[in-house]
J.: 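Dropping the structure in here first, questions after.
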2 protein chains.
Amino acid sequence: MGLRERKKLAAWRTIRSAALRLISERGFDAVSVEDIATEAGVSRTTFFSYFPSKEAVAFDLDPLELQQWRALLEDGVHDDRPLWEALTELFVDVARLLPEWLPVQKRVVQDCPGLANSARGSCDSFAPDLRAWISRRLPDGDELRTALVFNTALAAFMTAVEAWDPDDSFDELLELVRTCLRWAGAGLAHPVS
Amino acid sequence: MGLRERKKLAAWRTIRSAALRLISERGFDAVSVEDIATEAGVSRTTFFSYFPSKEAVAFDLDPLELQQWRALLEDGVHDDRPLWEALTELFVDVARLLPEWLPVQKRVVQDCPGLANSARGSCDSFAPDLRAWISRRLPDGDELRTALVFNTALAAFMTAVEAWDPDDSFDELLELVRTCLRWAGAGLAHPVS
DNA sequence: ACCCAAAGCTGAACTCAGTACAAGTTCGCA
DNA sequence: TGCGAACTTGTACTGAGTTCAGCTTTGGGT
């Protein structure tokens with residue numbers, strides 16, 4: 001990894017930290033992009049060269065961690081299992097990318113529920129890869145089936161994240177993710193698993 | 001229904017029609033709220049008293065139709081069936097609220113994918129009622145199970161809407177909704193239904 | 001050690017979404 | 001006919017997001 005790239009990542013993290021620090025103190029709406037840029041020691045223009053929007057700075061995933069997760073996907077770490085089980089573990093791996101700041105993010109969404117949709121936007125970063133992965137493992141690359149599997153699995157994942165209490169341990173979250181995906185995979189029409 | 005209320009609904013529909021007419025001509029980004037208000041013969045301020053945002057005017061559901069759907073829910077039209085089957089039919093009923101402008105809305109989302117999240121926002125109007133309905137029909141009102149059932153069913157529904165080709169008949173959409181919910185309910189871990 | 005092209009940073013100026021509010025208008029209803 | 005509530009409107013403001021031309025940094029090659 002070149003030096004230029006390392007600097008860029010450092011800047012990214014500086015801005016994000018500054019943003020979440022301010023947001024966790026004052027709340028999302030009470031912090032302007034100007035404030036964040038100043039706190040991070042860059043200009044407003046530079047802020048927008050790193051993050052496409054104010055929401056993004058609160059919810060985007062760390063580029064390096066994301067890249068590492070993509071590597072897991074490419075290497076087919078879980079490919080010895082049946083589709084849904086492998087998918088479950090991939091989502092557990094995604095959950096591992098959300099540590100540290102997840103409590104803050106949850107408080108942000110609690111405060112202004114309108115941002116729940118923006119929060120979902122952070123999935124856009126890994127969604128295409130995951131969809132392609134599913135499609136590859138499905139007969140014919142059936143489009144409808146692919147979309148359905150991906151969307152419902154994602155919904156189960158989001159349910160787990162929303163249900164998790166930040167006061168509980170992080171392992172609790174991983175277990176919740178497994179539970180939700182197991183239930184969804186087993187069929188929600190059945191009374192209870 | 002009082003006269004005042006009828007006028008309000010009429011105004012709502014006038015603004016929405018104007019908006020979708022302009023948007024389908026020029027595209028979402030090329031139309032400003034100013035343009036829409038002018039086309040509808042009202043002021044910008046009035047526009048925002050009817051719609052909380054520019055996205056809302058493209059995606060919100062007709063208040064009257066929504067109210068009628070709520071009535072279905074209250075009357076328990078499908079309550080003689082098992083939970084998931086009843087839920088499926090309720091989503092089919094929701095789908096019936098999306099006729100006319102759905103093709104335009106799909107084109108809008110195609111053009112600027114960033115709006116896919118906003119599109120999801122139109123579900124906020126019926127989501128609370130539906131969640132409560134599910135919770136009522138679940139033992140103990142189990143919160144996690146309620147969230148999971150609701151979120152995955154919604155995901156299946158959205159999958160059907162996204163998969164539907166506007167050139168196909170509307171019944172095709174209703175059938176897609178049933179198919180997606182049946183698959184999701186049966187359990188996606190199983191190879192194929 | 002030096003050079004230079006590319007990459008990155010910045011301030012200024014702009015558009016437009018969304019909010020607040022005070023003043024005016026309409027209209028159902030008694 | 002007149003009252004009060006609901007609706008409308010213009011104005012003025014904040015802040016997100018874009019564009020761009022010019023400045024500084026820097027890292028890789030000679």
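Throughout, protein chains are lettered first and strands after them, A, B, ... in sequence-line order, and every chain is numbered starting at 1.
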J.: Rounded to the nearest Å, what distance is computed from the CG atom of residue B:D35 to the C1' atom of nucleotide C:dC16?
T.: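 Taking CG of B:D35 and C1' of C:dC16, I get 11 Å after rounding.
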
J.: Looking only at side-chain N and O atoms, does A:S43 come under 4.0 Å of OP1 or OP2 in C:dT10?
T.: yes

J.: From A:E39 CD over to A:T14 OG1, what is the distance, rounded to the nearest 0.5 angstrom?
T.: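 Separation between the atoms: 11.0 Å.
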
J.: Please pick, from D:dC20, D:dA5, D:dT25, the nucleotide with the shortest atom-to-atom distance to any side-chain atom of B:R4.
T.: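 Closest nucleotide among those given: D:dA5.
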
J.: May I ask you to evaluate whether A:K7 reaches the phosphate of D:dT26, defined as a side-chain N or O under 4.0 Å from OP1 or OP2?
T.: yes

J.: Whole angstrom is fine here: how far is it from CZ in A:R44 over to C1' in C:dA12?
T.: 11 Å

J.: Can you tell if the side chain of B:L144 reaches within under 4.5 Å of the side chain of A:T159, non-hydrogen atoms only?
T.: yes

J.: Give a yes/no answer on whether the side chain of A:S32 brings an N or O atom under 4.0 Å of OP1 or OP2 in D:dG15.
T.: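 Answer no for this pair, as no side-chain N or O of A:S32 is under 4.0 Å from OP1 or OP2.
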
J.: When the nearest nucleotide of DNA chain C is assigned to A:G41 and to B:G2 on a heavy-atom basis, which residue is associated with the more 5' position?
T.: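 That would be A:G41.
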
J.: Answer yes or no: are there more than 12 heavy-atom neighbours, outside B:Q110 itself, under 6.0 Å from its atom CD?
T.: no

J.: Report which part of the nucleic acid A:Y50 touches: base, sugar-phosphate, or nothing (heavy-atom distance under 4.0 Å, all strands).
T.: sugar-phosphate

J.: Between D:dG17 atom P and B:E55 atom CD, what is the distance in whole Å?
T.: 11 Å

J.: Check the distance between C:dG8's C1' and A:R6's CZ and give it to me in whole angstrom.
T.: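 Value for this atom pair: 17 Å.
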
J.: Could you tell me whether the phosphate oxygens of C:dT10, OP1 or OP2, come under 4.0 Å of any side-chain nitrogen or oxygen in A:T46?
T.: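 Yes, within the criterion.
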
J.: Rounding to an integer number of Å, can you tell me how far A:W12 CH2 sits from C:dA7 C1'?
T.: 21 Å

J.: In a check of salt bridge (charged side-chain N to carboxylate O under 4.0 Å, His left out) between A:D35 and each of A:R21, A:R26, A:R44, A:K54, which one passes?
T.: A:R26

J.: Under 4.0 Å between a side-chain N/O of B:K8 and OP1 or OP2 of D:dC7, yes or no?
T.: yes

J.: Within the 4.0 Å heavy-atom criterion, would you say A:F47 contacts the bases, only the backbone, or no part of the nucleic acid?
T.: nothing

J.: Would you kindly give the CD-to-C1' distance between B:E5 and C:dC27, to the nearest whole Å?
T.: 15 Å

J.: CG of B:D29 versus C1' of D:dA16: gap in Å, rounded?
T.: 14 Å

J.: Round to a whole Å and report the spacing from CZ of B:F48 to P of D:dC7.
T.: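 Rounding to the nearest Å, CZ of B:F48 and P of D:dC7 are 19 Å apart.
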
J.: Do the rings of A:F51 and A:W12 sit parallel, tilted or perpendicular, given the 30° and 60° boundaries?
T.: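 Ring orientation, 0 to 90° scale: tilted.
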
